[in-house]
Amino acid sequence: MAELADNIKDLLKGGHTLWVATIGEDGWPNVSIKGSGALLDDAHVYFADIFSKKTRANLLFNKRVALGIFSPESKVAVQLKGEAELLDSGELFERVAKQINDMQKGLPPVKYVVQIAVDSVWDMSAGPNAGEKIA
């Protein structure tokens, strides 16, 4: 498991949009944007599964996932790779479900919270280090 650098943890502390890439049974990649991405601890991130029909089906088939994170303000662009766990109960699920419900935006209930154990971190910024493994 990879430990996330402070600048990545800072980026995710307040929540962030993630681009989530998965692979399904048909072998085709799927990319989905999740507005609920957040830091769990030094080596885990998560997002809420509300409308994630294709992402959910792919993760039930193959737990491997890649997450893209970009912040133009801090000029951080990284890819996190890891394995996902779909949670439908427990403390994290209850907390995230309450946060989504409290937003009162007419969203349907959270189906799962997807917790990702980060295995590696890759630089996606423009420049000489693009594509290099960071952690």
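Because the structure is a prediction, the values reported are computed rather than measured.
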So does Ala48 get a backbone contact from the side chain of Ser36, meaning a donor-acceptor N/O pair under 3.5 Å? yes

Mind checking the CD-CZ spacing from Gln79 to Phe70? Nearest 0.5 Å is all I need. 15.0 Å

Inter-residue atom distance Leu12.CG - Asn7.CG, 0.5 Å rounding: 10.0 Å

Rounded to the nearest 0.5 Å, the CZ atom of Arg95 sits from the CG atom of Leu40 at a distance of 6.5 Å

Rounded distance [0.5 Å steps], CZ in Phe93 versus CG in Leu87: 9.0 Å

Give a yes or no on whether Val114 and Val31 share a hydrophobic cluster (residues Ile, Leu, Val, Met, Phe, Trp, Tyr; joining criterion: side-chain heavy atoms under 4.5 Å apart). no

Non-hydrogen side-chain atoms of Lys9 and Glu3 separated by less than 4.5 Å: yes

Treating Ile, Leu, Val, Met, Phe, Trp and Tyr as nodes and any side-chain heavy-atom pair under 4.5 angstrom as an edge, say whether Leu107 and Val96 lie in one connected cluster. yes

Between Val113 and Leu86, is there a shared hydrophobic cluster once you connect ILVMFWY residues whose side-chain heavy atoms come closer than 4.5 Å? no

Sub-4.5 Å side-chain heavy-atom contact between Ile69 and Val76: no

Please walk me through it: do Thr55 and Lys34 pass side-chain contact (heavy atoms from CB on, under 4.5 Å)? CA-CA 10 Å; Thr55 298; Lys34 308 297 178 197; 3.8 Å; yes

In Å and rounded to the nearest 0.5 Å, what is the NZ to CD distance from Lys63 to Glu83? 9.0 Å

Report whether Ile33 and Met103 are members of the same hydrophobic cluster (ILVMFWY, side-chain heavy atoms less than 4.5 Å apart, transitive linking). no

For residues Lys98 and Glu94, determine if any side-chain heavy atom of one lies less than 4.5 Å from a side-chain heavy atom of the other. no

Looking at Leu59 and Ala84, what are the two nearest heavy atoms and their distance? CD2-CB, 3.9 Å

Please name the pair of heavy atoms, one in Ile50 and one in Lys111, separated by the smallest distance, quoted to 0.1 Å. O-NZ, 3.9 Å

Check Ile134 against Trp122 and note the closest heavy-atom contact, atom names and distance. CD1-C, 3.8 Å

Kindly indicate, with the supporting measurements, whether the criterion side-chain contact (heavy atoms from CB on, under 4.5 Å) is fulfilled by Leu4 and Leu80. CA-CA 9 Å; Leu4 299 171; Leu80 310 178; 3.8 Å; yes

Specify the closest pair of heavy atoms between Leu39 and Tyr46, including all atoms of both residues, with the distance to one decimal. O-CE2, 3.6 Å

According to a hydrophobic-cluster definition based on side-chain heavy atoms being under 4.5 Å apart (Ile, Leu, Val, Met, Phe, Trp, Tyr only), do Phe51 and Val110 belong together? yes

side-chain hydrogen bond (donor to acceptor under 3.5 Å, both in side chains) for Ser71 and Ser74? Distances and angles first, verdict last. CA-CA 6 Å; Ser71 170; Ser74 62; 3.0 Å; yes

For side-chain hydrogen bond (donor to acceptor under 3.5 Å, both in side chains), just list the numbers for Lys54 and Thr22, CA-CA rounded to whole Å, side-chain angles, deciding distance to a tenth of an Å, and then say yes or no. CA-CA 9 Å; Lys54 184 69 173 171; Thr22 58; over 6 Å; no

Do Val118 and Leu67 come close enough that some side-chain heavy atom pair is under 4.5 Å? no

Do Ile23 and Asn58 come close enough that some side-chain heavy atom pair is under 4.5 Å? no

In Å, rounded to the nearest 0.5 Å, how long is the span from CD of Glu25 to CG of Asn62? 10.0 Å

Would you find a donor on one side and an acceptor on the other, under 3.5 Å apart, between the side chain of Asp41 and the backbone of His44? yes

Is it the case that atom CZ in Arg56 sees more than 12 heavy atoms from other parts of the structure closer than 6.0 Å? yes

Minimum-distance pair of heavy atoms, taken over all atoms of Ala2 and Ala43: O-CB, 3.4 Å

